[in-house]
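Below is one structure, written out as structure tokens; the observations come after it.
Letters A, B, ... mirror the listed sequences (proteins, then strands); counts begin at 1.
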Amino acid sequence: MKKFLATLLTLVMVLSLAACGGEKGGETTPPPADTNTETEAPPADTGSGEKTAIKVIAAEYGQNTKQWWADFVTEFNGSHDDIELTVEAVSWNDIYTVVNTRVANNDAPDILNIDVFADYVADDLLLPIQDCVSDETYAKFYDAFLEQSNIDGTIWAIPDLASARAMYYNTDILEAAGVEVPTTWDELKTACEKIKAYDSSIYPWGIDMTTDEGQAAFAYYIWNNGSDFTDASGNWTLNADANVEAIEYAIGLVKDGLTNTDPANETRYALQDLFGAGKLAMMIGPNSIPTYIADNYAKANTPEEEQISYAFAAIPTNGGNASVSAGVMDRFMVFDNEDSDEKIEAIKEFFDFFYEDSRYSDWVLMEGFLPATSAGGEIVAKADESMAPWVEIVGSCKFYPTAKAEWADVKQGVIDVEQQALLGGNVKELLDNLQATIAG
Amino acid sequence: MSTKTPAAPAEAQELAKKAPRPSGSKKLFRKVEPYIWIAPSIILMAIFIVTPIVKVFQLSMSKVTRAGLVKGYNNFENFSKVLKSPAFALVLKNTIVWTIAVVVISTVLGFMLALVLNNKFRGRKVARAIVVFPWATTLVIQASAWNFIINKDYGTLNTLLMKLGFISAPVNWTPTPGAYFAWEIACGIFVTIPFVTFCVLSGLQSIDASYYEAATVDGAGYFQKLFNITLPLVKSSLTVATVLNIIYVFNSFPIIWTMTKGDPANHTDTLVTYLYKLAFYNGKQGEASAVSVIGFLILLICASVYMIYTLRKGDDDL
Amino acid sequence: MSQPANAVKKPISVKKTILRVLLYFVVLDVCIITLYPYFAMLCTALKNRVEIFSGDNILPVTALWSNFIDIWSRAPMAKYMLNSVLIAGGSTIIAMLCGIPAAYALARMKFKGQTAFLGFVIVSQMFAPVVLLIGIYQVMQRLGLTDNILGLIFINAAFNQAFTIWLLRGTFMGISTEMEQAATIDGCTRVQSMMKVLLPVAAPGIVTTLIFIFINAWNEYTVALCLISTDTYKPLTVGINTFNGYNMIEWQYLFAASIFAIIPVVILFMCIEKNLVSGLASGGVKG
């Protein structure tokens, strides 16, 4: 009993100390904090004076993103005396952690560049994007892209770039194994078997079912089996028979030893590295793969004869369905921070500046992505011939149903289903359960 | 660092001023004095640990939206959701396996290593310095390195074994989730051993050699000496090292996160990685907080058992 | 297992030779296994990407020392280093400033709630910083310490209090009070007697504690990741993640940078290796 009392006493004491200590800490600490930061480097955001401050958090797409934004900020602030822009480029590994912590603490950025948006809409955190973009800029986007950010008739975000997927194959390996480029699932399986028979140290087919991007695999197979995440009226149909068939096919490839060994842990980037090293014959990947592989060779001074030769083709399909490319689109959204009119104007300035045609195509080309505006598309197609077919593809590919509120759960859910199935679970049962949790 | 040093004497002086205050209420002062001494520590922990803990408890009982907004008390719904989730039992099991395996094996190996290093031999200093390496390395780096080493396709372990002729084709070191988890445990053990070793070494050093001499005269064998002299005398160093280890290992995050992120399908998740995923990947901060409260309760029970056990035994020690 | 050296002294027997050989064998194995990851890191850091993914060689065909130079231009490594030193150093100082008086009070005074305080110290360790991220961020924001090295200093200091207090309390209790009493009689105040008499005697324990906190703070990753957004305030642990980016893990740079991150700590550890054992011994980490 005595110990209990003592514990209670200390707790009370601690709490009361915390109460007055908090203030004390707050008062005494800032001075050293200031000297610290000031002696170290000129702080990035002291613009508390007359200037309108805009804070942007942007996804770091690759090695060039940070520098690109740094140059952008210098240029933008140089030409806008009344605006103080700060851009923080955060890697994809950390961006959700960073953004969620900020939002939870009422410290949301003004503009966010990320892939998801529906959760923020659900919490009334965003401004309708049309209010924050000048009409001129708004008119530049493909309508189909804007529709992807439509919830209940309002457009909440604008696309900053897109990427599309296709099947890449190592021409040398396919030739040596005597395989034609597969266009159907049956052909694909035969091709894989032939490649394996030709050289068992080569992985015929790459599959990524990791937490990183397992939903992409799900989409490739169900879309090319003539099915989808939802039906025409937007109801979830995760356990549709065609979906079960599709995932069973994919898992079957793994089980037959025709793929990379550990799809639950090998991300697409690992696959790309294997592909570039000539250890993987075929994989589904984004349009940025050539840039990626060329970069690697350039950095490594790889002699020409050691470089792989490869090409891309439509993703194989099943049951005579037309091949569907999976599109991925990232977005800009504006947080409702009870902004003044000047701030909204400043945000409009930001977007006008960003989507200015030549600057925008520069942004897109920087990491080998695809543009989301028609003008940008033309410029990119002209600037880089190899991009032209992709600009075509991206206009017609399917996207994840990111505008639906349950998407985040679905995304995790299908990844979990894939991984369970890899461990021997029954695909039908797993998808039935998932459908029940999501829709029920 | 230099900017901080001036602050150091200032705080000490403040204490110095308070300590010898000559007044009639000297008795009262005697009573209050200890609290002044522990005050800085308490304030520090209260602000930077207790407040966040309170916040986590609060979140665990609130409805939190995906974007992180708190929408009021929700009647332990987070807890029931967590406990109902099929993944939770698996994760809990993993956590227990992870903690026990890492702590027990690293304690045993660390203890044996300490016995070896306690011998006098040429190069002992170098050996001791080398043993400390894993301790001095950031876990993220350590885990990345191991992940790279055991990779099937380009890992250095396969390359090495192939060059040495032990194997002819690359071996897949992680064919099942269990195997991957075992590697993670191995990595955990690898980084925990040095801490145990040095705690035991410190205990061994304080043992008087005369005990052993007396025992030798009495004709005691090696293992008799080990169990009758060495173990009882290093027990106290070992106990504290073990308790701290249990807490650190239970809460360890970077190894599993770097190597597998808990994949596939939660088969390598522990409570900490699971709740991190819940909070920052699935946007379920309420449930994540509930998981951390559950983890805390588990640790609290374990530690209470330990504390009751040791503190009762050594009350006069205080 | 081998014999303690002091156990068998006289007979230079076959048994002893075998034990010696066994001892060296064990020690050598342990050293090789321990060093292997570092060896692999170093080799990888000297290769180019294509060679790494070919997985054909153990040693690089031609050592690309330029990787070690490249990282300094690809990321503000010097800044990261400096930040890490500031954070680890600052945390150590604050943790000691708060921890020494607390440990002293626990070792030298009797007061109500002593057990409870010790219990509280242990309990405070039961939440990993990862678990508390959201709460920590909120506190930091209220204090204006987000994206600030000082914030990390306080967090690291706070999360190292338990170890500091436990170890120092043990150290202090292991030291006889006679000298301090004598000093008090000579007119020293408590603070003076602690500073002048106790602390010098407790030096090994204090050094061990210092190093401990320093290393923990140096290696801290998750909180820094979340609190620091400006690139130039990042510590090494977070900074080297630049090479672990969206598109690819650049193993060669990641490991080259890692080696820079490891070196200072290893040197530090090697310097105090002897102290470490005696420090832990004096701390006794007695229950």
Side-chain angles (χ1 to χ4, degrees), chain B residues 1 4 8 11 15-16 19-20 34 37-38 40-41 44-45 48-49 51-53 55-56 116 119-121 127-130 132-133 136-138 140-141 145 149 154 156 159-160 163 198-199 201-202 205-206 209 212 222 236-237 239-240 247 251 253-254 272 276 292 296 299 303 310 314 318, chain C residues 2-3 5-7 23 26-27 31 34 37 40-41 53 55 58 86 89-90 93 97-99 101-102 104-105 109 111 114 122 124-128 130-132 135-136 138-139 154-155 157-158 161 189-191 215 219 221 237 251 258 262 265-266 269-270 273 276-277 280-281 285-287:
Chain B
M1 209 151 65
K4 219 109 286 118
E11 215 172 313
L15 277 172
W37 283 79
I38 61 172
S41 177
L44 185 71
M45 287 193 280
F48 295 103
I49 303 182
T51 330
I53 290 178
K55 176 84 184 162
V56 165
V116 171
N119 288 299
K120 288 203 175 64
F121 59 88
R128 279 193 182 183
I130 287 173
V132 125
F133 264 51
T137 312
T138 312
V140 186
I141 297 176
I149 288 169
Y154 49 83
T156 54
T159 316
L160 181 73
K163 294 266 162 173
F198 277 82
C199 282
L201 269 179
S202 73
Q205 190 182 299
S206 52
Y212 289 110
Y222 175 73
S236 65
S237 330
T239 329
V240 174
I247 296 178
N251 282 328
F253 173 76
V272 179
Y276 187 85
S292 67
F296 165 75
L299 270 184
T310 48
L318 280 172
Chain C
S2 54
Q3 296 259 46
N6 45 15
L23 174 76
V26 169
V27 170
C31 290
T34 311
M41 272 156 95
F53 286 107
I58 300 169
L86 282 174
I93 291 170
L97 280 180
C98 297
Y104 180 81
M109 302 173 193
F111 57 96
Q114 212 160 4
I122 279 279
S124 74
Q125 295 305 293
M126 285 179 198
F127 279 99
V130 191
V131 176
L132 299 176
I136 289 176
Q138 201 173 47
V139 172
F154 280 121
I155 285 290
Q161 277 300 287
T189 64
R190 254 210 154 117
V191 178
I215 284 163
N219 286 341
Y221 169 73
T237 43
W251 291 107
S258 300
I262 296 167
V265 188
V266 167
F269 244 120
M270 285 171 139
E273 186 271 321
L276 191 65
V277 175
L280 282 169
V285 224
K286 289 176 192 112

Worksheet entry | chain B interface, residue from C:Ile215, C:Ile58, C:Ile262 that has the most non-hydrogen pairs under 4.5 Å | C:Ile58
Worksheet, complete the sentence: Heaviest contributor of heavy-atom pairs below 4.5 Å to chain B, chosen from C:Ile155, C:Thr34, C:Thr237, C:Val27, is C:Thr34
Looking only at heavy atoms, what is the nearest atom pair of [X] and [Y], with distance?
X: B:Thr156; Y: C:Ala40; result: OG1-CB, 3.8 Å
X: B:Ser41; Y: C:Cys98; result: CB-O, 3.5 Å
X: B:Ala145; Y: C:Met41; result: CB-SD, 3.7 Å
X: B:Pro52; Y: C:Gly135; result: CB-C, 3.8 Å

Worksheet item: If you count heavy-atom pairs under 4.5 Å between each of B:Ile247, B:Val56, B:Ile141, B:Val272 and chain C, which one has the most?
Response: B:Ile141
Worksheet entry | Engaged part of C:Phe111 at the chain B interface, taking heavy atoms whose separation is under 4.5 Å | both
Using heavy-atom distances under 4.5 Å, tell me whether [X] contacts chain C through its side chain, its backbone, both, or neither.
X: B:Phe133; value: both
X: B:Ile149; value: side chain
X: B:Pro34; value: both

Item to complete: Can you measure from CD (C:Gln161) to CD1 (B:Ile38) and round to the nearest 0.5 angstrom?
Response: 11.5 Å
Fill in: Heavy-atom check, side chain of C:Leu132 versus side chain of B:Phe48, under 4.5 Å
no
